[in-house]
Amino acid sequence: MSNYLDELNDIQRQAVTTLEGPVMVIAGPGSGKTRVLSYRIAHLIQSGVAPWQILTLTFTNKAAREMKERISTLIGSHAMRVWAGTFHSIFARILRSEADKIGYPNDFSIYDSTDSKNLIKQIVKDLNLDKNNYNPNAVLSRISQSKSNLVTPKVYAQTEAYTDYDKMSKRPMLHVIYQRYVNRCQKAGAMDFDDLLMLMYRLLAENKDGVRAKYQQAFRYLLVDEFQDTNFLQYEILKLLVNYEDSANNFCIVGDDAQSIYSFRGATIKNILQFQKDYPTVQVFKLEQNYRSTHHIVEAANEVITKNKRQIPKKIWTESGDGERIRIIRALNDTEEARRVADSIVEMKNRSHFANIDIAILYRTNAQSRIFEEFLRRYNLPYRVFGGLSFYQRKEVKDVLAYLRLTVNPNDDEALKRVINYPKRGIGATTISKIVALANDNDVSIWDAIPYFKATKRTQSLLDNFVEKIKQFTIKSKKDTPYRTAEYIVKQSGVLSDLRKDNTIEGLSRIENIESLLSGVQLFEENDELMAGEEIVEKNLAGYLQNIALITDQDEDKEEKDYVSLMSVHAAKGLEYKSIFVVGMEENLFPSYMSVSDPDQLEEERRLFYVAITRAEQILTLTYATSRYQYGQMRFNDPSRFLEEIGVQHFDKPMEIRSKGISSFSEPKVLGKLGTLKPKKEYIALVDPASFKPSAPHLIKQGMYILHKKFGKGHVESIEGSDHNKVATIHFAQIDNPSRKIMLKFAKLQILDDE
DNA sequence: GGGGGCTATGGGGGG
DNA sequence: CATAGCCCCC
């Protein structure tokens with residue numbers, strides 16, 4: 001354990017051992033950034049810092065999870081107790097207990113962007129504005145930008161730069177919409193994604209009851225990964241956490257300006273430059289040795305990125321040998337592109353003995369995934385699609401979630417509007433818009449306005465029935481488990497019987513989705529295993545809703561681990577594969593047609609391409625089609641300009657790969673999309689549920705033999721943590737990965753006395 | 001007020 | 001191509 005520092009190169013070691021004061025690590029792709037971050041945290045803990053005094057903000061929950069696992073391997077499971085997660089999930093967790101200090105309920109709802117857009121549409125309608133000028137996407141992005149720059153509606157209305165711009169864009173009333181939007185969200189007890197940051201800022205800035213000092217003292221060491229993708233507001237929050245009297249400024253940022261790919265949501269590499277000004281004593285470490293890819297790939301990446309004007313000088317290099325040249329596939333159309341990629345995968349598996357899991361297909365837009373799925377399915381190659389329309393965005397799932405949200409927070413206007421007449425109960429558009437108007441006029445939520453609404457006797461009783469139903473749900477949720485509440489709601493709301501009317505395949509799959517959702521609730525409720533990177537929240541409906549609202553990735557599928565990965569280039573950030581296909585290398589696709597006319601956006605597309613090719617360890621294949629179906633039409637695009645930016649010496653000769661055809665007629669092995677919760681798993685019961693009697697958690701002691709409902713017989717190897725947060729490491733001999741960490745607070749373990 | 005069918009419109013990346 | 005919104009009829 002003491003020699004873990006020997007596993008680092010000189011610069012990495014310095015970055016890991018410089019614990020005090022501001023530190024900046026500029027890390028090229030594949031330069032061991034995750035290793036540095038996790039070793040640094042391990043080193044902090046070894047030097048006597050308590051795990052919970054360390055706050056690590058990562059870009060995805062997956063990154064947090066992997067990091068914690070790595071630290072655990074280095075120094076033991078107490079590492080699991082560092083605070084690590086995304087900005088949004090960590091702040092939501094804090095706001096869950098502090099929101100009342102800034103005028104929001106602690107049980108606040110989280111509006112996703114669809115909710116936000118629906119609210120904007122509503123406001124535009126209320127104000128009798130032209131919906132063509134007031135496009136919800138445009139309005140939302142303006143509001144989002146304002147929040148991300150800490151511009152309140154009031155300041156917005158008074159700042160000519162903003163209002164003039166809006167007049168020019170034919171949206172002079174934008175400041176009014178912004179104000180109303182904020183009011184409606186607050187009345188609904190709801191926060192949108194930007195609010196999670198903005199209100200966290202306000203919480204710290206307003207400092208009610210000294211709350212700021214509480215978190216400043218709690219987080220003695222601050223680490224931020226992917227700092228190039230933070231926005232102004234995120235940096236401002238971090239500064240509030242770290243800047244105070246006698247602060248040691250233990251603030252470590254890790255990033256790479258060349259991999260900044262989120263400026264569309266306000267990220268700015270200015271933060272990296274500003275950091276050096278704000279913390280003049282900063283110690284900078286530049287990691288340039290690439291341990292991931294072979295020479296041709298590394299050099300191609302360097303050549304591409306030098307076409308960008310603005311960047312911190314840096315050149316990645318490798319000692320891992322020349323490796324293979326970059327392959328290129330030119331296809332006549334999108335179908336042929338997909339077929340040849342699938343052919344190539346089969347070939348690669350035979351010749352290089354790659355497993356499916358070593359291979360990823362990266363595309364610019366999620367819409368491109370479908371055709372690749374088709375061919376992978378035909379070729380019997382298991383695959384998994386990451387991102388895209390996730391499980392939680394499907395209509396039937398959102399409907400049930402809306403009922404759950406309403407149960408927790410009846411003021412949630414967007415949830416209410418979604419289900420007040422679904423399933424159909426005779427409360428039509430006219431009635432709803434009258435109630436909405438009443439709510440607006442009196443500045444209350446729709447829920448609060450309903451009792452004051454005067455309607456015909458018939459409508460009145462329909463409304464009463466609806467209100468009564470929701471109240472019942474809330475009562476149920478207070479005295480029963482989340483799973484049983486959700487099950488009750490699915491049945492009593494009428495959603496299930498409505499779906500049962502539809503006997504088509506789609507209809508049946510919708511019911512399956514609802515069942516999956518329910519087993520997801522059950523899983524949440526029963527899960528007593530401490531998973532790295534997972535938020536520990538209360539095991540109630542509100543906790544469940546928070547968990548899924550901010551989901552970025554899904555648990556590993558434990559049944560089938562060998563699959564080809566399909567994802568957008570954005571989603572691939574931070575990942576690596578032996579073999580990478582970057583597909584759709586065409587003008588107007590990659591780079592996107594939205595970006596080709598703006599030099600800054602074009603540079604971002606180039607960084608995106610840089611990220612894409614540096615994911616590859618051994619084999620990089622770039623593909624393009626001369627024609628493809630886009631938006632229902634056949635389009636002809638030129639090959640991407642980015643292809644010409646790589647020197648010819650790095651390319652293989654274009655090679656023809658013969659089609660292998662369909663390899664078998666057996667049922668294709670297809671894994672669910674990421675985001676698809678598996679239907680209820682019928683795992684082999686290791687324990688007879690009838691005779692299972694869990695013991696009181698405080699009786700569990702080290703050395704005992706116990707029974708776990710899901711994992712079977714186990715031996716308690718150690719118990720760590722303070723009174724209320726004890727975590728036991730238990731060895732379960734009957735399962736794969738036998739060593740599990742169980743949170744005793746939630747555990748259902750039966751003590752065995754016969755051993 | 002509900003529901004079916006048609007037309008018009010937009011179409012990126014993600015927490 | 002997918003979906004939202006509209007019109008028309010019940």
Side-chain angles (χ1 to χ4, degrees), chain A residues 57-64 85-92 110-118 121 125 131-132 135-138 140-141 144 147-148 191-198 200 226 229-231 233-234 260-267 334 362-368 370-371 386-390 392-393 395 421-434 455-456 458-459 462 546-553 567-573 584 588-596 601 604-605 607-609 611-612 628-635 675:
Chain A
L57 296 163
T58 55
F59 209 70
T60 62
N61 292 316
K62 191 178 177 196
T86 63
F87 279 86
H88 290 86
S89 68
I90 296 281
F91 294 167
I110 296 174
Y111 276 1
D112 67 15
S113 40
T114 318
D115 293 320
S116 298
K117 278 180 229 168
N118 285 339
K121 281 183 205 162
K125 211 170 169 185
K131 62 177 167 33
N132 294 318
N135 171 302
N137 280 316
L140 181 60
S141 116
S144 166
K147 285 183 181 171
S148 305
M191 301 186 191
D192 68 14
F193 288 133
D194 299 305
D195 287 332
L196 292 175
L197 307 180
M198 200 266 287
M200 180 69 199
E226 310 281 9
D229 285 324
T230 55
N231 64 24
L233 174 54
Q234 287 168 324
S260 156
I261 55 175
Y262 281 95
S263 73
F264 70 89
R265 63 182 214 214
D334 45 354
L362 309 185
Y363 33 75
R364 177 66 180 84
T365 69
N366 284 312
Q368 286 164 258
R370 218 182 67 189
I371 195 148
F386 293 76
L389 187 66
S390 83
Y392 296 104
Q393 283 161 8
K395 185 194 173 296
N421 200 33
Y422 177 78
K424 299 265 184 290
R425 49 172 72 86
I427 305 173
T430 323
T431 307
I432 296 169
S433 64
K434 281 182 194 159
T456 60
R458 191 188 117 85
T459 310
L462 294 170
Q546 175 184 331
N547 247 19
I548 58 153
L550 301 168
I551 227 154
T552 53
D553 40 47
M567 68 186 83
S568 69
V569 182
H570 280 94
K573 191 169 77 159
N588 298 314
L589 187 60
F590 199 178
S592 156
Y593 72 103
M594 315 271 285
S595 305
V596 284
Q601 287 192 50
E604 174 141 324
E605 296 280 327
R607 291 192 294 269
L608 197 53
F609 183 53
V611 168
R628 73 170 59 236
Y629 272 103
Q630 260 176 309
Y631 316 131
Q633 272 178 32
M634 180 73 93
R635 310 240 170 171

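Letters go in sequence order (proteins before strands), and every chain restarts at 1.
- Taking only side-chain nitrogens and oxygens, A/Asn366 comes nearer than 4.0 Å to OP1 or OP2 of B/dG13.
- Here A/Glu604 pairs with A/Ser263, A/Arg607 under the side-chain hydrogen bond (donor to acceptor under 3.5 Å, both in side chains) rule; sequence neighbours left out.
- Listed nucleotides B/dG3, B/dG13, B/dG11 differ in distance to A/Lys424; the shortest reach to its side chain belongs to B/dG3.
- A donor-acceptor contact under 3.5 angstrom links the side-chain atoms of A/Ser595 to the base of B/dG12.
- With sequence neighbours left out, the ring pair (Phe, Tyr, Trp, His ring centres under 6.0 Å) criterion links A/Tyr262 to A/Phe59, A/Phe264, A/His570.
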Close N or O pairs between protein and nucleotides 4-10 of chain C (under 3.5 Å):
none

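- Checking A/Ala549 against A/Gly428, the closest nucleotide of DNA chain B that is more toward the 5' end is the one next to A/Gly428.
- Checked by distance alone, A/Glu604 brings no side-chain donor or acceptor within 3.5 Å of a matching partner on the base of B/dG12.
- Residues passing the side-chain hydrogen bond (donor to acceptor under 3.5 Å, both in side chains) test with A/Ser144, sequence neighbours excluded: A/Asp194.
- Not counting sequence neighbours, the partners of A/Thr430 by the side chain to side chain contact (heavy atoms under 4.5 Å, CB included) test are A/Lys434.
- Among the duplex regions that DNA chain B forms, those built from at least three successive Watson-Crick or G-U pairs under 3.5 Å are B:1-10 with C:1-10, ordered by first number.
- Scanning for side chain to side chain contact (heavy atoms under 4.5 Å, CB included) contacts around A/Asn132 gives A/Asp130, with sequence neighbours left out.
- Take A/Tyr363 and apply the ring pair (Phe, Tyr, Trp, His ring centres under 6.0 Å) test, not counting sequence neighbours, and it matches no residue.
- Judged as a side-chain hydrogen bond (donor to acceptor under 3.5 Å, both in side chains), and not counting sequence neighbours, A/Ser568 has no contacts.
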